[in-house]
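Worksheet: the structure to be examined is printed underneath.
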There are 2 protein chains.
Amino acid sequence: MDLDDVIRERRKLLGLTQEDLSDMTGVSLRTLKEIEMGRGNPTLRTLEKLALVLGLEIQLTVRKTAEQ
Amino acid sequence: MDLDDVIRERRKLLGLTQEDLSDMTGVSLRTLKEIEMGRGNPTLRTLEKLALVLGLEIQLTVRKTAEQ
DNA sequence: TGCAAATGTGTGGCATACTGCACTTTTGCA
DNA sequence: TGCAAAAGTGCAGTATGCCACACATTTGCA
């Protein structure tokens with residue numbers, strides 16, 4: 001599951017529109033749309049703003065499954 | 001543990017210098033240094049390049065611990 | 001302890017993430 | 001089915017991530 005899917009699903013689970021989430025995080029509506037569409041290339045800080053409000057956390061974990 | 005610490009520790013565990021990792025990932029030495037210093041604000045694609053070579057994966061998971 | 005390897009820093013240019021605005025398209029409910 | 005809410009798009013300006021180059025500082029080993 002890609003990060004954009006996680007964000008969109010989590011947002012819907014919380015009953016928020018893109019505009020709601022934009023207001024709550026300070027991430028512009030335009031940028032949020034791009035991220036959820038899988039376009040764009042968000043910075044870590046932008047992802048962190050979204051993660052905080054969505055109750056998510058960003059982790060770098062050791063890859064357990066087969067490479068690539 | 002912050003992402004920059006994970007990257008640095010993982011790099012050292014694999015016996016790589018910053019220059020090695022820069023060459024292997026295509027992420028410039030300058031950018032890698034900034035990331036490991038905790039300065040800078042890497043894009044998702046830059047983090048993905050590093051994660052791939054370091055055998056790490058980026059995840060957005062539901063925060064289990066107390067908020068904030 | 002001296003020295004080479006490794007790491008950190010200043011500067012400047014280019015690419016692009018982020019933003020706001022106006023508009024179009026899609027969605028889903030009365 | 002009509003319509004308002006929600007989501008997607010084109011465009012243009014600003015901020016900043018990424019990069020190369022040159023140099024300073026720190027590290028750790030012979």
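Residue numbering restarts at 1 for every chain, and letters A, B, ... go by the order of the sequence lines.
Shown here are the side chain to side chain contact (heavy atoms under 4.5 Å, CB included) partners of Asp20(A), two or more places apart in sequence or in another chain: Leu16(A), Thr17(A). Not a single side chain to side chain donor-acceptor pair (under 3.5 Å) links Lys49(B) to another residue, sequence neighbours left out. Checked against side chain to side chain donor-acceptor pair (under 3.5 Å), Glu9(B) has no partners two or more places apart in sequence or in another chain. Not counting sequence neighbours, the partners of Glu34(A) by the side chain to side chain contact (heavy atoms under 4.5 Å, CB included) test are Arg30(A), Arg39(A). Partners of Asp23(A) according to the side chain to side chain contact (heavy atoms under 4.5 Å, CB included) rule, which considers only residues two or more places apart in sequence or in another chain, are Glu19(A). Residues satisfying the side chain to side chain donor-acceptor pair (under 3.5 Å) test with Thr43(B), not counting sequence neighbours, are Asn41(A), Thr46(B). Every residue two or more places apart in sequence or in another chain was checked for a side chain to side chain donor-acceptor pair (under 3.5 Å) with Arg10(B), and none qualifies. With sequence neighbours excluded, the residues satisfying side chain to side chain contact (heavy atoms under 4.5 Å, CB included) with Gln18(B) are Arg8(B), Arg11(B), Leu29(B), Leu32(B), Lys33(B), Glu36(B).
Side-chain contact between Leu54(A) and Val6(A) is absent, with no heavy atoms from C-beta onward closer than 4.5 Å.
Rounded to 10°, the helix from dT1(C)-dA30(D) to dA30(C)-dT1(D) has 60° between the axis fitted to its first five pairs and the one fitted to its last five.
Mapping heavy-atom proximity under 4.0 Å, the span of DNA chain D touched by chain B runs 5' to 3' from dG17(D) to dA20(D).
One distance of note links CD1 of Ile35(A) with CG of Asp2(A); it measures 13.5 Å at 0.5 Å rounding.
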List the protein contact pattern of nucleotides 7-23 of chain C with one symbol per nucleotide (5' to 3'): B for base contact, S for sugar-phosphate-only contact, - for none; contact means a heavy-atom distance under 4.0 Å.
-> BBBBB-----SSBB---

